[in-house]
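Just so it is clear, the model here is predicted, and its values are computed rather than measured.
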Amino acid sequence: MFSDFIHQFWPSTIDGLSLGAVYALVALGYTMVYGVLRLINFAHADIFMVGTFAAMWTVKTMGVSNLGGFALVGAILLSALVAGTVSGGGAVLLELVAYRPLRKRGASRLAALISAIGASIVIEQLFATIVVPKVFGLPKEGGKISQAYHFVHRTNVIDIGPIKVANDRLIIFVGAILIMIALDQFVNRTKLGRGIRATAQDPESAVLMGVNIDRVVTATFLVGGVMAGAAAALYYARFEEAWYFAGFLLGIKAFTAAVLGGIGNIRGALVGGVVLGLFESYGSSLFGSQWKDVVAFSVLILVLMFRPTGILGESLQQARA
């Protein structure tokens, strides 16, 4: 068992980093909404799922296959733009329909949580019964959409002894890091970003200072949805599949990453995602792939036992450039 782990250490590390980058991007949506509204947006996982279909539609429309080099980078970038636009729009619509009416009426957070769960089920079933079979014409096998459109020609762009990095893994990790740096700068250096942090710290004082709360909340959902869409495009580049239940387990793990790094902390989402991805990948090497989820959630429990606020434990409103 341990010899297998040593033998697979570098491949597991590379897989863990790329998978962790996807977790981190999705976790950003959870952590931003929680930082502003103190709400766990469980429907965010389905916004990610919508993005996977948008990415698949983009690849199908382009009609490309076996791409490599800059052509692959361009295809992933285009699919990320489309998926980010669709998921961002979906997140804004979700806020307008499922959350804003409750917020205007002063409903409890429990009511918002129930609304999030209901919205999640509605989105999943909408895609399972209407969008997937009637719009995409894809069959369901055992509840999973099996057909996909393959477009990645995988080659090793780094090949140094035991370290072999495939092109899709490198693009996913570097792309996710660049997106998260851009988001961090947006939150810390722009006027709207300062409004988001002010609202997260003290909504009442923010209103008195002229901050439009509705605009801030909409922007928060929009940014979180764009992050989920970008993650969906990277996810599709790696796994080349899309199905209406894709967001369920990945969404739970992304939320786990947000909690692991420190819920409400943008940089914590990055740290939590990478740590979770690495431990999940290492757990597969040590104990077998059937244990990877057990290892991932066990790490969460252990971290929270000794550091309940997460690894970084800094909330959104305290973030500084």
Side-chain angles (χ1 to χ4, degrees), residues 23-48 88 90-120 183-184 186-188 192-209 211-228 247 251-273 300 303-304 307-320:
Y23 290 159
L25 283 178
V26 181
L28 287 170
Y30 287 109
T31 207
M32 289 192 67
V33 171
Y34 180 83
V36 171
L37 293 179
R38 293 297 184 268
L39 166 69
I40 305 300
N41 178 23
F42 282 116
H44 184 64
D46 298 286
I47 296 300
F48 164 83
V92 171
L93 182 62
L94 174 69
E95 192 274 327
L96 290 174
V97 173
Y99 299 131
R100 182 169 296 187
L102 297 177
R103 188 159 52 83
K104 293 296 184 181
R105 291 174 172 81
S108 66
R109 291 175 185 171
L110 178 59
L113 180 62
I114 294 172
S115 180
I117 296 172
S120 174
L183 176 64
D184 186 74
F186 165 76
V187 170
N188 285 290
L192 184 55
R194 290 193 294 270
I196 290 174
R197 286 193 288 133
T199 304
Q201 185 172 10
D202 191 334
E204 290 78 12
S205 297
V207 171
L208 294 177
M209 296 298 293
V211 175
N212 187 322
I213 298 297
D214 287 339
R215 180 168 174 261
V216 166
V217 171
T218 300
T220 301
F221 273 85
L222 175 62
V223 171
V226 170
M227 295 297 108
I252 292 175
K253 290 182 179 179
F255 176 67
T256 299
V259 175
L260 190 62
I263 188 71
N265 186 332
I266 291 176
R267 295 169 186 174
L270 169 61
V271 173
L300 172 67
V303 169
L304 293 183
R307 189 169 177 79
T309 56
I311 296 173
L312 298 186
E314 182 185 0
S315 58
L316 178 66
Q317 65 265 28
Q318 295 172 317
R320 294 290 182 270

Discussion item. Checking Ala206 now: which residues fulfil side-chain contact (heavy atoms from CB on, under 4.5 Å) with it, not counting sequence neighbours?
Written reply: Ala198, Thr199, Val211, Ile213

Worksheet item: Can you list every pair that meets salt bridge (charged side-chain N to carboxylate O under 4.0 Å, His left out) and has a residue in residues 108-117, with sequence neighbours left out?
Response: none

Worksheet item: Closest approach of Ala111 and Leu102, non-hydrogen atoms and distance?
Response: O-CD1, 3.7 Å

Discussion item. Taking Gly251's backbone N and O only, do any of them form a donor-acceptor pair with His44's side chain (distance below 3.5 Å, no angle check)?
Written reply: no

Item to complete: Indicate the atoms forming the closest heavy-atom contact of Phe221 with Ala91, along with that distance.
Response: O-CB, 3.2 Å

Item to complete: Would you indicate whether Arg307, at its atom CZ, is surrounded by more than 12 heavy atoms from other residues, nucleotides or ligands within a distance under 6.0 Å?
Response: yes

Worksheet item: Is a side-chain N or O of Thr256 found less than 3.5 angstrom from the main chain of Ile252, in a donor-acceptor match?
Response: yes

Discussion item. Using 0.5 Å steps for rounding, measure from the CG atom of Leu260 to the OH atom of Tyr23.
Written reply: 12.5 Å

Practice prompt. Working to the nearest 0.5 Å, report the span between CD1 of Ile40 and CD1 of Ile117.
Written response: 11.0 Å

Discussion item. Checking Phe48 now: which residues fulfil ring-ring contact (aromatic ring centres under 6.0 Å, His included) with it, not counting sequence neighbours?
Written reply: Tyr235

Worksheet item: Which residues satisfy the ring-ring contact (aromatic ring centres under 6.0 Å, His included) test with Phe42, sequence neighbours excluded?
Response: Phe255

Worksheet entry | Residue pairs involving residues 95-104 (criterion side-chain hydrogen bond (donor to acceptor under 3.5 Å, both in side chains); sequence neighbours excluded) | Asn41-Tyr99, Glu95-Arg100, Glu95-Arg103, Arg100-Thr218, Arg103-Asp214, Lys104-Asp214

Item to complete: Sorted by first residue and then second, give each salt bridge (charged side-chain N to carboxylate O under 4.0 Å, His left out) pair with at least one member in residues 39-48; sequence neighbours left out.
Response: none

Item to complete: Quick one: closest heavy-atom pair of Ala119 and Leu94, and the distance?
Response: CB-CD1, 3.5 Å

Discussion item. Please give me the minimum heavy-atom distance between Ala98 and Ser115, naming the atom from each residue.
Written reply: O-OG, 2.7 Å

Worksheet item: To the nearest 0.5 Å, what is the distance between CG (Leu304) and OG1 (Thr309)?
Response: 9.0 Å

Response to the item:
Heavy-atom nearest pair, Thr31 first then Ala269, reads CG2-CB, 4.4 Å

Worksheet item: About how many Å separate CD1 of Ile266 and CG of Asn188, when rounded to the nearest 0.5 Å?
Response: 7.0 Å

Worksheet item: Which value, rounded to the nearest 0.5 Å, describes the distance between Ile311 atom CD1 and Asn265 atom CG?
Response: 10.5 Å

Worksheet, complete the sentence: Applying side-chain contact (heavy atoms from CB on, under 4.5 Å) to Ile114 and not counting sequence neighbours gives Leu110

Fill in: Nearest heavy-atom neighbours spanning Ala116 and Ala43
O-CB, 3.6 Å

Discussion item. Could you work out, with side-chain contact (heavy atoms from CB on, under 4.5 Å) as the rule, every residue matching Thr220, not counting sequence neighbours?
Written reply: Met32, Val33, Val36, Ile196, Val216

